[in-house]
There are 2 protein chains.
Amino acid sequence: MDERGVAEDRSAPSPANATPRRGRRPARAPQPDEIDEGGEGAGAGEIDLAELTGVVGYVLRRAQLAIFEDFIARFAALDLKPAQYSVLLVIGRNPGRKQSEIAASLGIQRPNFVAMLDELERRGLAERVRSVTDRRSHAIVLTDDGRALLARAAAVQAEQEAIIAERLGPGGREALVEQLRRLVTPPLSAGNPPPEG
Amino acid sequence: MDERGVAEDRSAPSPANATPRRGRRPARAPQPDEIDEGGEGAGAGEIDLAELTGVVGYVLRRAQLAIFEDFIARFAALDLKPAQYSVLLVIGRNPGRKQSEIAASLGIQRPNFVAMLDELERRGLAERVRSVTDRRSHAIVLTDDGRALLARAAAVQAEQEAIIAERLGPGGREALVEQLRRLVTPPLSAGNPPPEG
DNA sequence: TATTGTTATACTCTATAACTATA
DNA sequence: TATAGTTATAGAGTATAACAATA
């Protein structure tokens with residue numbers, strides 16, 4: 001239960017407010033042969049993450065992992081993972097929609113959504129209902145148990161949101177969400193040619 | 001080249017500024033038997049993600065995926081993935097440090113770091129140097145090629161950072177990094193008992 | 001011919017146990 | 001006994017191709 005991705009820092013004190021000391025950079029590398037690290041050159045104290053702590057992508061990834069870790073811990077009692085929660089929520093808000101629509105709205109590949117739904121169905125939280133008008137498709141709905149669990153989950157989720165809001169200060173949470181949305185829409189890559197060509 | 005995780009929205013217009021209409025919620029679910037979605041009840045237009053678009057964890061995950069996607073595209077020419085870039089950067093800033101120290105600082109498991117280093121070494125970007133003082137350990141250094149590639153990579157990375165800064169407005173990028181740091185340190189889970197527990 | 005759900009499959013990332021060689 | 005690097009392996013998460021049933 002611990003996802004990484006870019007690079008994770010678990011134990012390091014993380015010099016967030018410490019001035020990044022970029023002083024001692026060895027313009028030339030030590031001889032790639034053998035090194036006596038007993039001296040003083042490199043074997044000293046903490047590893048310096050330097051610029052990394054100011055890189056949006058890096059900090060973003062770390063924050064996402066931290067939030068998910070907390071989420072998973074909070075939802076352990078409900079036996080729900082983040083993706084499962086999002087699926088329950090979307091089904092709950094859009095009952096009767098096609099299996100493929102639910103999957104697509106969450107960016108889940110259709111093949112991968114099959115096992116997810118199987119699991120939710122096995123636990124009696126959701127159901128596939130064969131459509132009358134198009135017998136290829138499945139209309140997805142929550143069961144009563146599914147709605148009940150979703151309600152409990154939403155309450156737990158609200159707790160996390162409250163903790164986050166507290167951590168970020170007045171208006172901080174909303175501002176963060178807004179800024180993050182700006183990074184998502186419109187896509188960064190498209191229609192954003194680099195400054196000089 | 002496309003990572004997901006929670007749930008991803010690729011095509012949906014994403015009602016970021018649209019008021020989440022939470023009106024028509026069917027307190028009771030449709031009969032779990034068969035559904036005629038041809039009527040009007042559920043088979044209508046776009047899927048409603050509703051609360052999800054305001055959940056920090058969800059938006060955070062989506063933003064992280066968006067940034068990484070952009071990163072990977074930008075770094076395609078250099079054949080560097082985010083994790084590889086972070087490793088090169090940390091080695092560059094901390095030449096001669098032990099393999100396990102580099103890995104730990106980035107939260108990479110020691111066993112998983114072996115293959116990463118193998119690859120960087122195979123490409124002539126980094127080298128393992130057997131330490132004289134402790135013949136168990138490897139001191140990791142960048143090669144000249146490694147330093148050269150890192151320099152190019154840092155320039156590319158700076159471009160992404162500039163694009164992000166532009167997207168987020170004056171001071172927005174720095175504020176975002178600061179807020180994200182607050183979510184990471186101290187850990188959300190520890191020492192944060194729920195409001196009423 | 002196109003779409004829906006499905007199966008099979010593969011690749012990446014992450015995690016743990018256990019080995020080896022040193023200390 | 002403990003540590004550094006390694007091997008092997010297992011589990012998620014995600015991606016694509018192809019099939020059967022239906023449109």
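All of these numbers come straight from a predicted model, not from anything done at the bench. Each chain gets a letter, A, B and so on, in the order the sequences are listed, and its residues count up from 1.
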Rounded off to whole Å, could you give me the [atom1]-to-[atom2] distance for the [X] and [N] pair?
X: A/Leu65; N: D/dA12; atom1: CG; atom2: P; answer: 18 Å
X: B/Met116; N: D/dG5; atom1: CE; atom2: P; answer: 15 Å
X: B/Phe68; N: C/dC13; atom1: CZ; atom2: C1'; answer: 12 Å
X: A/Arg135; N: D/dT22; atom1: CZ; atom2: P; answer: 5 Å
X: A/Leu117; N: C/dT7; atom1: CG; atom2: C1'; answer: 16 Å
X: B/Lys98; N: C/dT22; atom1: NZ; atom2: P; answer: 16 Å
X: A/Ile140; N: C/dT6; atom1: CD1; atom2: C1'; answer: 13 Å

From CZ (A/Arg62) to CG (B/Leu183), nearest 0.5 Å: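 The CG atom of B/Leu183 is 11.5 Å from CZ of A/Arg62, to the nearest 0.5 Å.
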
B/Pro111 or A/Arg110: which one's nearest nucleotide on DNA chain C is closer to the 5' end?
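In this pair, the answer is A/Arg110.
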
salt_bridge([X], [Y]) N-O dist < 4.0 Å:
X: B/Asp70; Y: B/Arg74; result: yes
X: B/Glu51; Y: A/Arg93; result: yes
X: B/Arg123; Y: B/Asp79; result: yes

Between C/dG5, C/dT4, D/dG13, which nucleotide has the shortest distance from any of its atoms to the side chain of A/Arg128?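 Minimum distance to the A/Arg128 side chain belongs to C/dG5.
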
- Pair of N/O donor and acceptor under 3.5 Å linking D/dT3 base with B/Arg136 side chain: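 Check passes, donor-acceptor contact within cut-off.
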
